[in-house]
Number of protein chains: 2
Amino acid sequence: MADVARRAGVSAQTVSRVSNGHPGVVDSTREQVLAAMQELGYRPNSAARALKYGQFRTIGVILFTLATVGNSRTLEAIVDHAAEEGYAITLIPVAVPTRDGVLGAFTRLGELAVDAVIVSMEVHLLDAATVNLPVGVPVVVVASEADDRYVVVDTDQVDGAVQAVRHLLELGHHTVWHVAGPEESFVAERRATGWQTTLEQAGRPVPPLVHGDWSAESGYRAGLALVDEPDCTAVFAANDQMALGLLRAFHEKGKVVPRDVSVVGFDDIPDSTSFIPPLTTVHQDFAEVGRRCVERVLRQVRNKPVEPGTTLVPTRLVLRDSTSAPPA
Amino acid sequence: MADVARRAGVSAQTVSRVSNGHPGVVDSTREQVLAAMQELGYRPNSAARALKYGQFRTIGVILFTLATVGNSRTLEAIVDHAAEEGYAITLIPVAVPTRDGVLGAFTRLGELAVDAVIVSMEVHLLDAATVNLPVGVPVVVVASEADDRYVVVDTDQVDGAVQAVRHLLELGHHTVWHVAGPEESFVAERRATGWQTTLEQAGRPVPPLVHGDWSAESGYRAGLALVDEPDCTAVFAANDQMALGLLRAFHEKGKVVPRDVSVVGFDDIPDSTSFIPPLTTVHQDFAEVGRRCVERVLRQVRNKPVEPGTTLVPTRLVLRDSTSAPPA
DNA sequence: CGCCGAAATGTTTGCGTAAACATCCACCGG
DNA sequence: CCGGTGGATGTTTACGCAAACATTTCGGCG
């Protein structure tokens with residue numbers, strides 16, 4: 001900055017004013033400064049700026065993996081909306097999804113230059129780590145169960161499951177089987193809850209729960225087990241990937257979807273339109289989830305009031321060709 | 001820091017020494033300082049640190065979208081390896097994949113606190129923006145064509161395509177059709193090049209190129225066109241998603257894969273094992289690509305010699321059930 | 001018993017920036 | 001023609017930290 005000032009024949013303060021678009025600089029001076037900046041390739045040092053302002057204009061995002069569609073889509077939405085607000089996103093990976101792993105991430109976080117944090121994980125894992133949470137750093141949690149101690153944003157998992165199951169019951173299926181996500185996942189648990197309560201409220205039998213691990217392979221294995229169940233005419237898979245595996249299993253075993261078995265997924269990943277057959281599934285609005293996360297976390301950064309509690313983003317059922325009335 | 005020093009009854013410098021694990025502090029003093037830090041919830045200010053050291057320990061990553069499997073997997077690998085080296089990753093989104101969009105990203109980048117940049121885009125888009133590249137900031141480019149002006153890391157696209165086409169020719173197919181990615185993509189172009197040269201070297205006819213846009217839907221549309229081609233017994237799709245669309249199109253039109261038509265994809269996304277049938281595809285080692293990016297960019301940050309040029313990560317063909325000899 | 005040297009700790013300084021305050025100058029009105 | 005006024009610009013200072021240098025302390029040895 002001093003170099004620019006010297007070159008332009010002004011003081012450093014004037015350079016600062018030009019650089020920040022402050023008023024009170026005569027055009028001719030401004031142009032000289034601008035020219036000097038150009039020639040010297042000057043760019044403001046963000047560390048010094050951050051030091052001065054006490055803010056980094058950066059939000060940290062903690063997550064386990066980008067391998068799931070939901071995580072990466074949500075992240076993308078967060079990045080985009082943060083950029084609109086002039087905030088950058090710093091990624092903090094959690095190597096292993098255990099308490100120790102989370103603890104490590106939060107320790108690293110302590111040294112990081114972030115004004116706020118968006119955490120994508122289950123609250124029960126977060127609890128172990130909150131001791132490490134720098135005080136005064138706003139936190140928003142995504143993809144977790146509702147919890148009034150934190151500011152939570154999430155897709156309305158339960159309602160999505162309810163819509164899926166209702167749709168199948170309305171088509172005439174006596175009951176609906178469910179291929180859930182892994183046991184330790186609260187998201188999986190909540191989708192399962194929506195499934196179970198809907199069946200119970202309708203007075204239908206609740207078949208045993210089948211657990212997968214979100215992967216298509218696990219859906220395939222679940223499907224191989226389900227083809228032998230005589231009364232299994234409708235399956236609700238907790239995500240689209242497992243639904244893909246189900247479709248393959250049924251296909252291999254000669255069951256035609258939707259004639260013999262109906263299948264509903266969850267997520268509405270782009271590929272699901274090209275499954276065989278195109279998949280009826282619960283659409284998640286990842287972009288909206290990301291948007292709300294950024295909005296709520298920035299409200300806190302700007303010291304506007306934010307009450308703890310859960311913001312639910314609605315889902316909607318997308319009807320395609322994998323569901324129909326049960327076989328006569 | 002001053003508060004901690006006062007509380008522990010020492011000077012700020014001693015606090016700094018403890019905080020950085022410097023030697024020359026007696027245990028009893030160290031413990032007092034540590035205790036004071038704990039009580040006051042002290043965290044070193046990374047802006048001040050960065051200002052002092054002139055480094056941020058952060059790498060910026062510029063990319064268009066996380067919607068593609070390749071991008072998000074590569075990003076994940078970059079994040080993980082950077083974390084191992086003690087570097088954080090800041091994401092810089094490019095709203096629209098045009099020169100203006102890229103220009104905007106690089107302008108924002110100039111204000112960002114990064115020591116180096118990994119750019120995931122075509123070099124021809126990068127050229128427009130290099131004027132904005134802060135001098136002295138190391139850059140590594142991923143997923144672009146080879147270019148000796150930059151340090152480039154990429155999957156060996158051409159060889160992957162060659163393997164795919166050779167496999168199909170060896171099975172006895174007379175020629176291979178290709179569903180390519182969008183015309184403006186160099187990645188797509190290079191896969192197409194590998195396909196075309198392999199056919200030419202084998203003295204086979206080169207069918208007209210069909211362009212998709214990477215999406216399963218576009219693969220489906222391409223498939224609907226290909227079913228009417230009488231000599232089309234083998235198709236190489238430029239990614240797995242388009243291959244998925246092909247499978248659906250063939251299925252709907254009564255063509256059995258692989259009996260009537262063989263299909264090979266590119267990427268080896270996890271879902272491809274559960275396509276109907278499981279997809280033979282070219283495996284990309286995204287993790288390795290990410291690892292090398294970080295390694296090469298950090299070499300530059302540390303002022304070790306890095307020659308411009310391309311590092312190619314090998315691919316391998318994964319055989320599953322979507323290919324076989326052509327119908328008699 | 002006093003001096004030396006090494007280890008432990010303290011003091012000064014500057015990193016690049018922008019807010020707060022100070023100065024300068026031109027122009028206006030009386 | 002001079003004081004006043006306000007806009008343009010300059011100077012000082014502090015942000016939090018750590019390197020460089022300065023000082024203190026203490027043990028060991030002649």
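FYI, side chains are in, hydrogens and waters are out, and symmetry mates aren't considered; it's all heavy atoms of this structure. Naming: A, B, ... by sequence-line order, numbering from 1 per chain. Values in this document were obtained by computation on a predicted structure and should not be read as measured data.
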Could you state the atom-to-atom distance from [atom1] of [X] to [atom2] of [N] in whole Å?
X	N	atom1	atom2	value
B:Gln13	C:dA8	CD	P	15 Å
A:Leu51	C:dA18	CG	P	11 Å
A:Arg17	C:dA19	CZ	C1'	10 Å
A:Gln55	C:dA18	CD	C1'	15 Å
B:Lys52	C:dT12	NZ	C1'	11 Å
B:Asn45	C:dC15	CG	C1'	13 Å
A:Asp27	D:dG7	CG	P	16 Å
B:Tyr53	C:dG16	OH	P	16 Å

Discussion item. Under a 3.5 Å cutoff, is there a donor and acceptor pairing between the side chains of B:Thr90 and A:Thr90?
Written reply: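 Their side chains do contain a donor-acceptor pair, which is all the 3.5 Å distance test asks for.
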Worksheet item: Under 3.5 Å, is there a donor-acceptor pair between the B:Asp154 and B:Gln157 side chains?
Response: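 Side chains of B:Asp154 and B:Gln157: pair found under 3.5 Å.
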Would you indicate whether the side-chain heavy atoms of [Y] and [X] approach each other to under 4.5 Å?
X	Y	result
A:Val140	A:Tyr150	no
A:Val117	A:Ile59	no
B:Ile118	B:Ile78	yes

Discussion item. Checking contacts here: which listed nucleotide (C:dT17, C:dT9, D:dT11) is nearest the side-chain heavy atoms of A:Ser11?
Written reply: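 Side chain of A:Ser11 sits closest to D:dT11.
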Fill in: First encountered from the 5' end of DNA chain C, between A:Met1 and B:Val25
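So the residue in question is B:Val25.
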Worksheet item: Toward the 5' end of DNA chain C, which comes first, B:Val26 or A:Arg49, by nearest nucleotide?
Response: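 Counting from the 5' end, the first nearest nucleotide belongs to B:Val26.
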Discussion item. Counting only side-chain nitrogens and oxygens, does A:Thr29 get under 4.0 Å of the OP1 or OP2 atom of D:dA8?
Written reply: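 Indeed not, no polar side-chain atom of A:Thr29 lies that close.
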Practice prompt. Considering just the side-chain nitrogens and oxygens of A:Ser16, establish if one lies under 4.0 Å of OP1 or OP2 belonging to C:dG16.
Written response: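 For A:Ser16, the contact criterion (side-chain N or O under 4.0 Å from OP1 or OP2 of C:dG16) is not met.
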Can you tabulate the close N/O pairs, meaning under 3.5 Å, that link protein atoms to atoms of nucleotides 24-28 of chain D?
none

Worksheet entry | Residue mapping more 5' on DNA chain D - nearest nucleotide basis, B:Pro44 or A:Thr14 |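 Nearer the 5' end of the strand: A:Thr14.
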Practice prompt. Start with the C-alpha gap between B:Leu91 and A:Leu91, add the side-chain angles, then the distance that decides, and say whether side-chain contact (heavy atoms from CB on, under 4.5 Å) holds.
Written response: CA-CA 8 Å; B:Leu91 246 39; A:Leu91 245 39; 4.2 Å; yes
Discussion item. Please determine whether side-chain contact (heavy atoms from CB on, under 4.5 Å) holds for the pair A:Phe56 and A:Ser46, giving the CA-CA distance in whole Å, both sets of side-chain angles, and the decisive distance to 0.1 Å.
Written reply: CA-CA 8 Å; A:Phe56 304 98; A:Ser46 53; over 6 Å; no
